[in-house]
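These notes concern the structure reproduced below.
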Amino acid sequence: MTIRWGISGTGRIASDFVRDLRNISDARAVAVGSRSRESAEEFATRNSVPVAHGSAAELAADPDVDVVYVAGIHPVHREQAIIMMEAGKHVLVEKPLAMNAAEAREMTEASRRTGRFLMEAMWMRFNPLHVEIVRRIGAGEFGAVTSIESDFSFAAPRDPSHRLFDPAKGGGSMLDVGIYPLTLAWWLLGAPGSWRAEGTIGPTGVDESVVLDMAWDGGRTAHITCGSTREGSTESVITCESAVIVIPARSHSSRVAEIRRDDGSETVRLDAPGLHHQVNEVHRCISAGLTESPRMSHADSCAVSAFMDDVLESLHGR
């Protein structure tokens with residue numbers, strides 16, 4: 001049975017999603033919604049999507065849509081996801097799930113209330129390379145993780161009207177890219193026992209860089225960095241008791257890793273990353289009647305959101 005997808009939003013990530021959706025035989029993009037009908041029609045023509053709607057509400061009311069990918073800027077995630085679920089649609093929401101933990105909880109409560117599936121589109125957690133590395137670590141192949149270093153920093157022009165720098169559009173490096181190295185550390189080690197954050201608040205009032213040091217029992221640590229105004233390594237290094245795992249730039253979307261041990265190195269190369277890997281999980285969960293994925297649970301999304309709230313509050317001195 002083909003699962004019919006609606007796309008809410010017309011930006012680059014929405015186009016990428018429609019492109020990658022074509023890798024899934026039982027998925028089809030059937031409609032797109034945008035705040036302006038002109039934008040929706042242009043997107044539909046460019047991406048071969050049959051139907052264009054002039055609002056999220058119109059998309060939610062479309063009887064031919066089974067599940068919606070909410071692809072707009074961060075501040076619209078909560079409202080659009082809830083509109084879709086209340087209209088009977090399942091929902092995949094681009095990361096971050098919400099602007100803050102309160103919104104994330106409201107969204108997960110709506111999922112439980114309506115019985116509709118909801119998942120944060122943290123596609124790194126479904127990238128074949130990352131899934132395999134985490135599986136092998138979990139199996140004890142390399143011993144316990146002792147430290148993680150991960151960066152996602154890049155240089156963008158400081159345009160006050162751009163979504164990266166405009167507070168009204170959910171600007172800030174932590175929500176946009178810091179969530180990737182944070183998710184890697186959380187995935188492997190869980191919530192930290194202690195942490196310390198430093199960062200730079202730019203002229204528009206959003207975080208332009210963050211340095212976050214986290215610690216767990218047993219001396220385990222993570223050092224993660226992110227930023228939107230300078231280039232960084234965008235590499236991740238996971239040190240275990242008997243191996244060092246290097247995921248090269250950009251590590252959140254790599255298909256290759258090098259595992260270095262005393263007896264030599266191993267290169268791991270798996271299927272290319274893409275937004276379609278998470279679609280398989282959405283389909284599996286919907287078919288099983290689940291309202292959340294055990295691989296990207298509501299609890300994990302809410303916990304990471306609450307942690308980012310705390311980090312951002314500390315940077316802003318609140």
Hydrophobic cluster identity match, M107 and M84, side-chain contacts under 4.5 Å: yes
Side chain to side chain contact (heavy atoms under 4.5 Å, CB included) assessment of I133 paired with I259: CA-CA 10 Å; I133 292 297; I259 301 173; 4.3 Å; yes
Heavy-atom side-chain contact between M214 and L182 under 4.5 Å: yes
Separation between CG of L175 and CZ of R163, rounded to the nearest 0.5 Å: 10.5 Å
Within one Ile-Leu-Val-Met-Phe-Trp-Tyr cluster: M296 and L188, side-chain cutoff 4.5 Å: yes
Donor-acceptor under 3.5 Å (H277 side chain, W123 main chain): no
Listed partners of F117 passing ring pair (Phe, Tyr, Trp, His ring centres under 6.0 Å), at least two apart: none
R261 atom CZ, neighbour heavy-atom count above 12 within 6.0 Å: yes
Backbone of A31 reached by a side-chain donor or acceptor of H53 within 3.5 Å: no
N/O donor-acceptor pair under 3.5 Å between T229 side chain and A155 backbone: no
Over 12 foreign heavy atoms within 6.0 Å of CD, E58: yes
Minimum heavy-atom distance between N127 and H130, given as atom pair plus value: ND2-ND1, 2.8 Å
side-chain hydrogen bond (donor to acceptor under 3.5 Å, both in side chains) evaluation trace for S209 with R230: CA-CA 9 Å; S209 67; R230 65 168 183 82; 5.7 Å; no
ILVMFWY network linking V246 to I148, side-chain heavy atoms under 4.5 angstrom: no
H252 and F152 aromatic ring geometry - parallel, tilted or perpendicular at 30°/60° bounds: tilted
Within-4.5 Å side-chain heavy-atom neighbours: V49 and I7: no
E86/R113 salt bridge by N-O under 4.0 Å criterion: yes
Exceeds 12 heavy-atom contacts within 6.0 angstrom, atom CZ of R295: yes
OG-CZ distance between S55 and R35, expressed to the nearest 0.5 angstrom: 12.0 Å
Gap between atom CG of N280 and atom SG of C285 - 0.5 Å precision: 11.0 Å
Backbone of G72 reached by a side-chain donor or acceptor of H77 within 3.5 Å: yes
Side chain to side chain contact (heavy atoms under 4.5 Å, CB included) between M308 and I179, worked out: CA-CA 8 Å; M308 290 192 295; I179 191 172; 3.9 Å; yes
Matching residue for S173 among D207, T225, T200 - test: side chain to side chain donor-acceptor pair (under 3.5 Å): D207
Over 12 foreign heavy atoms within 6.0 Å of CZ, R269: no
Spatial distance of atom OG1 (T291) from atom CE (M119) [nearest 0.5 Å]: 12.5 Å
Minimum-distance pair of heavy atoms, taken over all atoms of V18 and N47: CG1-O, 3.9 Å
Test item: S153 side-chain N/O and G227 main-chain N/O as donor-acceptor pair under 3.5 Å: yes
D213 side chain near H223 side chain, heavy-atom distance below 4.5 Å: yes
Sub-4.5 Å side-chain heavy-atom contact between P294 and E281: yes
Atom pair CE (M122) and OG1 (T183), whose distance is rounded to the nearest 0.5 Å: 3.5 Å
Nearest heavy-atom neighbours spanning G9 and A14: O-CB, 3.4 Å
Flag if over 12 foreign heavy atoms under 6.0 Å of CG, D64: yes
Student check: side-chain heavy atoms of P273 and F126 closer than 4.5 Å: no
Minimum-distance pair of heavy atoms, taken over all atoms of V256 and P248: O-CD, 3.1 Å
Check: Q80 and V68 side chains under 4.5 Å, non-hydrogen atoms: no
Flag, side chain of S305 to backbone of S301, donor-acceptor distance under 3.5 Å: no
E241 side-chain N/O to A144 backbone N/O, donor-acceptor pair under 3.5 Å: yes
Close side-chain approach of D20 to V279, heavy-atom, < 4.5 Å: no
Flag side-chain contact, heavy atom, 4.5 Å: F17 against E94: no
W5-I24 co-clustered via ILVMFWY side chain contacts under 4.5 Å: yes
Test side chain to side chain contact (heavy atoms under 4.5 Å, CB included) applied to H90 and I3, step by step: CA-CA 11 Å; H90 303 290; I3 294 181; over 6 Å; no
Sole candidate of T221, I238, T239 that passes side-chain contact (heavy atoms from CB on, under 4.5 Å) when paired with T146: T239
Minimum heavy-atom distance between S111 and H298, given as atom pair plus value: OG-CE1, 3.4 Å
Heavy-atom donor-acceptor pair, N100 side chain to A102 backbone, under 3.5 Å: yes
Shared hydrophobic cluster for V237 and W216 (ILVMFWY, side-chain gaps under 4.5 Å): no
Nearest atoms (heavy-atom pairs only) where L290 meets R284: CD1-NH2, 4.4 Å
Ionic contact status for E120 with R125, cut-off 4.0 Å: no
Rounded distance (nearest 0.5 Å) linking atom CD of E109 with atom OG1 of T114: 11.5 Å
Donor-acceptor under 3.5 Å (K89 side chain, V65 main chain): yes
Side-chain donor or acceptor of D310 paired with backbone N/O of F307 under 3.5 Å: no
Candidate pair K95 and D176, rule side chain to side chain contact (heavy atoms under 4.5 Å, CB included), full reasoning: CA-CA 8 Å; K95 62 82 199 159; D176 191 63; 4.1 Å; yes
